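Scroll down for the structure; my scribbles are underneath it.
In this text the structure is predicted, and so the values were computed from the model without any measurement.
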Amino acid sequence: VMDLKTRTIVDSISVPGSAVQPAGPSLMEINADNSKLYATSKKDNLVHVVNLANRTLIKSIATGATQPFGLTFADDESRLYVSCVNSGSRGRIYLIDPITDTIVDSIIAGRGTYMSHHHASHVQ
């Protein structure tokens, strides 16, 4: 946890790391009310959910496809989209319900699906 104004580390939050090859979170996303932080762990194929009020791990969500990386919320925060590289195969984007923190669906995507990005102006 950083204080961006002073550019200093003020605290840390522990999330499980890879036992095979040490690696930390890849990318992170915070929900609108600042209650949860979601962090991808590429080496472990997990999305970690952290309670920001008490800075504890709520759960880790396993993805079936490998190397989860990019994260983005739908405008209304009804879904969190997690893109997985899925090394050696086509990528996959998982749709997570942020109320239950469970995967509700997935979409097959092209190779090298590193990022998820959502533009509000493109919503009809």
Side-chain angles (χ1 to χ4, degrees):
V1 179
M2 292 189 70
D3 178 331
L4 296 177
K5 186 175 181 179
T6 63
R7 296 182 178 189
T8 58
I9 297 173
V10 295
D11 200 356
S12 64
I13 300 168
S14 182
V15 295
S18 176
V20 178
Q21 179 180 354
S26 301
L27 291 179
M28 297 173 270
E29 184 78 25
I30 297 174
N31 65 351
D33 69 4
N34 294 317
S35 63
K36 291 182 188 177
L37 172 126
Y38 293 84
T40 54
S41 179
K42 265 178 64 176
K43 296 291 181 186
D44 296 316
N45 307 323
L46 297 170
V47 176
H48 302 294
V49 186
V50 175
N51 177 322
L52 289 175
N54 60 19
R55 297 183 174 141
T56 58
L57 182 68
I58 296 171
K59 73 187 298 185
S60 295
I61 305 165
T63 60
T66 61
Q67 298 176 312
F69 192 71
L71 295 160
T72 193
F73 276 104
D75 284 341
D76 62 1
E77 287 199 11
S78 62
R79 294 290 179 260
L80 174 70
Y81 303 100
V82 180
S83 56
C84 296
V85 176
N86 210 20
S87 188
S89 187
R90 294 189 317 186
R92 185 170 288 273
I93 299 171
Y94 286 94
L95 287 67
I96 293 177
D97 179 338
I99 294 172
T100 61
D101 293 321
T102 57
I103 294 172
V104 294
D105 203 356
S106 69
I107 302 163
I108 294 174
R111 294 190 188 279
T113 311
Y114 282 95
M115 300 297 289
S116 297
H117 191 71
H118 177 75
H119 290 284
S121 62
H122 294 167
V123 177
Q124 297 290 330

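Applying the side-chain contact (heavy atoms from CB on, under 4.5 Å) criterion to Ile103, with sequence neighbours excluded, gives Ile61, Tyr94, Ile96. Contacts of Asp105 classified as side-chain contact (heavy atoms from CB on, under 4.5 Å), with partners at least two apart in sequence or in another chain: Leu95. With sequence neighbours excluded, the residues satisfying salt bridge (Lys or Arg N to Asp or Glu O under 4.0 Å) with Asp101 are Lys36. Applying the side-chain hydrogen bond (donor to acceptor under 3.5 Å, both in side chains) rule to Ser35 yields the partners Asn31, Asp33; only residues at least two apart in sequence or on another chain are considered. The side-chain contact (heavy atoms from CB on, under 4.5 Å) check on Ile30 picks up Asn34, Leu37, Leu52, with sequence neighbours excluded.
Looking only at distances, no side-chain donor or acceptor of Ser83 sits under 3.5 Å from a matching main-chain atom of Phe69. Using modelled atom types, one side-chain atom of Thr40 and one backbone atom of Leu27 make a donor-acceptor pair closer than 3.5 Å. Looking at Asp44, its side chain never comes within 3.5 Å of a backbone N or O of Leu46 through a donor-acceptor pair.
Atom SG of residue Cys84 and atom CZ of residue Arg90 lie 14.5 Å apart, to the nearest 0.5 angstrom. Distance check: Thr63 OG1 to Asn45 CG gives 5.0 Å after rounding to the nearest 0.5 Å.
Both Val104 and Ile93 belong to a single network of hydrophobic side chains, linked directly or stepwise wherever heavy atoms of I, L, V, M, F, W or Y lie under 4.5 Å apart. Under a hydrophobic clustering in which Ile, Leu, Val, Met, Phe, Trp and Tyr are joined whenever their side-chain heavy atoms come within less than 4.5 Å, directly or via other members, Leu71 and Ile58 fall into the same cluster. A chain of hydrophobic side-chain contacts below 4.5 Å, direct or via other Ile, Leu, Val, Met, Phe, Trp or Tyr residues, connects Val50 to Met28.
For the pair Asp97/Arg79, a side-chain contact is recorded, criterion being any heavy-atom separation below 4.5 Å from C-beta on. Residues Lys59 and Thr102 meet the side-chain proximity criterion, which asks for heavy atoms closer than 4.5 Å. Residues Val49 and Ser60 fail the side-chain proximity criterion, which asks for heavy atoms closer than 4.5 Å.
Of all the heavy atoms in Pro98 and Glu77, the pair that sits closest is CG-O, 3.0 Å. Contact detail for Phe73 and Tyr38: the closest heavy-atom pair is CZ-CE1, 3.7 Å.
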